[in-house]
Asker: 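Could you have a look at this structure, given as structure tokens, before my questions?
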Amino acid sequence: MPGGDEILRWRLPPSSKLQNFSLWQLGSALVIPAVGVLSKLMTDWLNTVTVHNREILIDAIDNRPKGTPLITVCNHHSCLDDPMLWGILDWRHVINSQVMRWSVAAHDICFTNDWHAQFFTFGKTVPIIRGAGVYQKGMDFCLERLNAGCWIHLFPEGKVNMAKNEFIRLKWGIGRLIAECKICPIVIPFWHLGNYIIMHSYI
């Protein structure tokens with residue numbers, strides 16, 4: 001297994017215990033709204049954003065049947081994609097740690113030390129070891145969250161891809177999650193442009 005589980009900084013409690021793990025809930029209740037508010041301000045006040053068919057995503061978040069999992073997938077143009085993308089949601093979403101998505105991130109980028117690992121964990125981000133395949137701890141955790149009726153967001157390209165005309169093979173993880181969900185998930189794909197411009201403007 002490339003990288004090896006021995007270097008994986010895993011800070012998430014078992015999926016079955018998330019609802020009664022008070023320390024993790026407290027941390028998530030602080031980090032999710034803080035990052036969500038920043039994303040909302042960046043999207044609504046500091047940039048001009050046009051969203052088509054936004055109501056499809058909003059309806060799936062708010063009104064899908066109880067216990068029905070939601071999977072969103074999109075292209076990956078910059079390191080700001082998550083969380084900046086979620087500035088398109090309503091305020092009631094971005095400040096609610098229970099409603100907001102679970103996401104995945106490369107363990108060798110976002111989980112490089114204990115502080116980063118704890119922050120991203122509170123932000124509902126699951127570490128993934130690139131090259132370790134679809135049957136690794138992070139993917140198992142995502143499947144458990146989906147089976148609990150949660151929302152998972154994935155970048156199936158598996159890396160930042162800024163090339164306008166380069167289409168790369170999508171990773172298999174999304175296929176495993178859809179195929180092995182106990183309840184057929186709602187799957188919403190979308191495409192976005194411009195976050196890489198924002199990133200280079202502010203960073």
Side-chain angles (χ1 to χ4, degrees), residues 5 8-36 39 55-74 76 81-83 85-86 88-107 110-111 117-130 132-156 158 170-190:
D5 274 337
L8 180 60
R9 289 181 168 88
W10 188 269
R11 296 291 182 272
L12 286 162
S15 183
S16 60
K17 296 182 178 180
L18 281 175
Q19 296 306 314
N20 54 12
F21 193 79
S22 58
L23 179 60
W24 182 86
Q25 284 187 333
L26 175 61
S28 186
L30 294 173
V31 170
I32 291 288
V35 176
S39 300
E55 66 278 2
I56 295 174
L57 176 58
I58 299 298
D59 182 65
I61 295 172
D62 289 342
N63 301 317
R64 69 185 186 278
K66 184 177 177 59
T68 300
L70 170 64
I71 298 175
T72 52
V73 294
C74 73
H76 201 1
D81 289 348
D82 193 312
L85 286 172
W86 311 124
I88 68 172
L89 302 179
D90 293 334
W91 283 103
R92 70 179 186 276
H93 301 125
V94 298
I95 64 172
N96 189 335
S97 61
Q98 298 296 316
V99 168
M100 281 301 293
R101 92 293 169 266
W102 285 89
S103 188
V104 301
H107 85 290
C110 295
F111 294 79
Q118 196 63 72
F119 175 80
F120 282 102
T121 294
F122 285 150
K124 298 175 72 172
T125 303
V126 181
I128 295 293
I129 299 176
R130 286 183 173 138
V134 298
Y135 297 102
Q136 60 175 287
K137 187 174 184 177
M139 293 302 295
D140 292 342
F141 185 90
C142 288
L143 183 59
E144 291 170 359
R145 290 286 78 213
L146 288 171
N147 285 330
C150 295
W151 168 22
I152 298 282
H153 179 75
L154 296 170
F155 298 101
L170 304 184
K171 301 297 183 181
W172 297 359
I174 179 67
R176 182 205 169 189
L177 295 180
I178 294 172
E180 295 188 14
C181 269
K182 293 178 180 177
I183 299 176
C184 184
I186 297 171
V187 181
I188 300 178
F190 62 93

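We're numbering straight along the sequence, starting at 1.
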Asker: State, with a plain yes or no, whether a side-chain heavy atom of Asp140 is found less than 4.5 Å away from one of Glu180.
Answerer: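 They are not in contact (no side-chain heavy atoms under 4.5 Å apart), so the answer is no.
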
Asker: Can you check whether Gly123's main-chain N or O pairs, donor with acceptor, with Ser28's side chain at less than 3.5 Å?
Answerer: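 Checking the backbone N and O of Gly123 against the side chain of Ser28, no donor-acceptor pair under 3.5 Å is found.
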
Asker: Kindly give the heavy-atom pair with the smallest separation between Gly149 and Arg64, and that separation in Å.
Answerer: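 It is O-NH2, 3.0 Å.
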
Asker: Heavy atoms, side chains only, cut-off 4.5 Å: are Ile152 and Val126 in contact?
Answerer: no

Asker: Looking only at heavy atoms, which two atoms of Leu18 and Pro13 are closest? And how far apart?
Answerer: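 Nearest pair, atom of Leu18 first, then Pro13: CD2-CG, 3.2 Å.
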
Asker: Minimum heavy-atom separation for Leu70 to Leu146, with atom names?
Answerer: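 What the structure gives for the nearest pair is O-CD2, 3.7 Å.
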
Asker: Does a side-chain heavy-atom distance below 4.5 Å link Cys142 with Val104?
Answerer: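 Yes, at least one pair of side-chain atoms sits under 4.5 Å.
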
Asker: Does any part of the side chain of Trp151, heavy atoms only, come nearer than 4.5 Å to the side chain of Trp102, both counted from C-beta?
Answerer: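 With C-beta onward as the side chain, the pair stays apart.
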
Asker: Please report the shortest heavy-atom distance between Met139 and Val134, naming the atom on each side.
Answerer: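 For Met139 and Val134, the tightest heavy-atom pair comes out as CB-O, 3.2 Å.
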
Asker: Distance check, rounded to the nearest 0.5 Å: Ile95 atom CD1 versus Leu89 atom CG?
Answerer: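 Reported to 0.5 Å precision, the distance equals 12.0 Å.
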
Asker: When rounded to the nearest 0.5 angstrom, what is the spacing between OG in Ser103 and CZ in Phe155?
Answerer: 5.5 Å

Asker: Distance from Gln136 atom CD to His107 atom NE2, nearest 0.5 Å?
Answerer: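 Answer for the CD-NE2 pair, Gln136 versus His107, is 9.0 Å.
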
Asker: Enumerate the residue pairs fulfilling salt bridge (Lys or Arg N to Asp or Glu O under 4.0 Å) with a member in residues 93-102, sequence neighbours excluded, ordered by first and then second residue.
Answerer: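 Found Asp82-Arg101.
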
Asker: Sort and list the pairs that fulfil side-chain hydrogen bond (donor to acceptor under 3.5 Å, both in side chains) and have at least one residue in residues 118-129, not counting sequence neighbours.
Answerer: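 Passing the test, one end in residues 118-129: no pairs.
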
Asker: Heavy atoms, side chains only, cut-off 4.5 Å: are Arg92 and Val99 in contact?
Answerer: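 No. Closest side-chain heavy atoms not under 4.5 Å.
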
Asker: Can you name the nearest heavy-atom pair linking Pro14 to Phe141, along with the distance?
Answerer: C-CE1, 4.5 Å

Asker: Does a side-chain heavy-atom distance below 4.5 Å link Arg11 with Phe111?
Answerer: no

Asker: With sequence neighbours left out, what residues match Arg145 under side-chain hydrogen bond (donor to acceptor under 3.5 Å, both in side chains)?
Answerer: Ser15

Asker: Residues two or more places apart in sequence or in another chain: which of them pass side-chain hydrogen bond (donor to acceptor under 3.5 Å, both in side chains) with Asp59?
Answerer: Asn63

Asker: Can you sort out the partners of Glu144 under side-chain hydrogen bond (donor to acceptor under 3.5 Å, both in side chains), two or more places apart, ordered by chain and number?
Answerer: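 Applying side-chain hydrogen bond (donor to acceptor under 3.5 Å, both in side chains) to Glu144 gives none.
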
Asker: CG of Leu26 to CZ of Phe122: how many Å apart, nearest 0.5 Å?
Answerer: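 Reported value, rounded in 0.5 Å steps: 7.5 Å.
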
Asker: Which heavy atom of Cys74 sits nearest a heavy atom of Leu85, and at what distance?
Answerer: SG-CD1, 3.7 Å

Asker: Calculate, to the nearest 0.5 Å, the distance between atoms CD1 and CG belonging to Ile88 and Leu57 respectively.
Answerer: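 One gets 5.5 Å once the value is rounded to the nearest 0.5 Å.
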
Asker: Just checking Trp91: does its CH2 atom have more than 12 heavy atoms from other residues, nucleotides or ligands closer to it than 6.0 angstrom?
Answerer: yes

Asker: Can you sort out the partners of Pro185 under side-chain contact (heavy atoms from CB on, under 4.5 Å), two or more places apart, ordered by chain and number?
Answerer: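 side-chain contact (heavy atoms from CB on, under 4.5 Å) list for Pro185, sorted by chain: Pro69, Ile71, Ile178, Cys181, Val187.
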
Asker: Answer with yes or no whether the side chains of His153 and Thr72 bring together a donor and an acceptor at under 3.5 Å.
Answerer: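 Thr72 vs His153: donor-acceptor pair found between side chains.
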
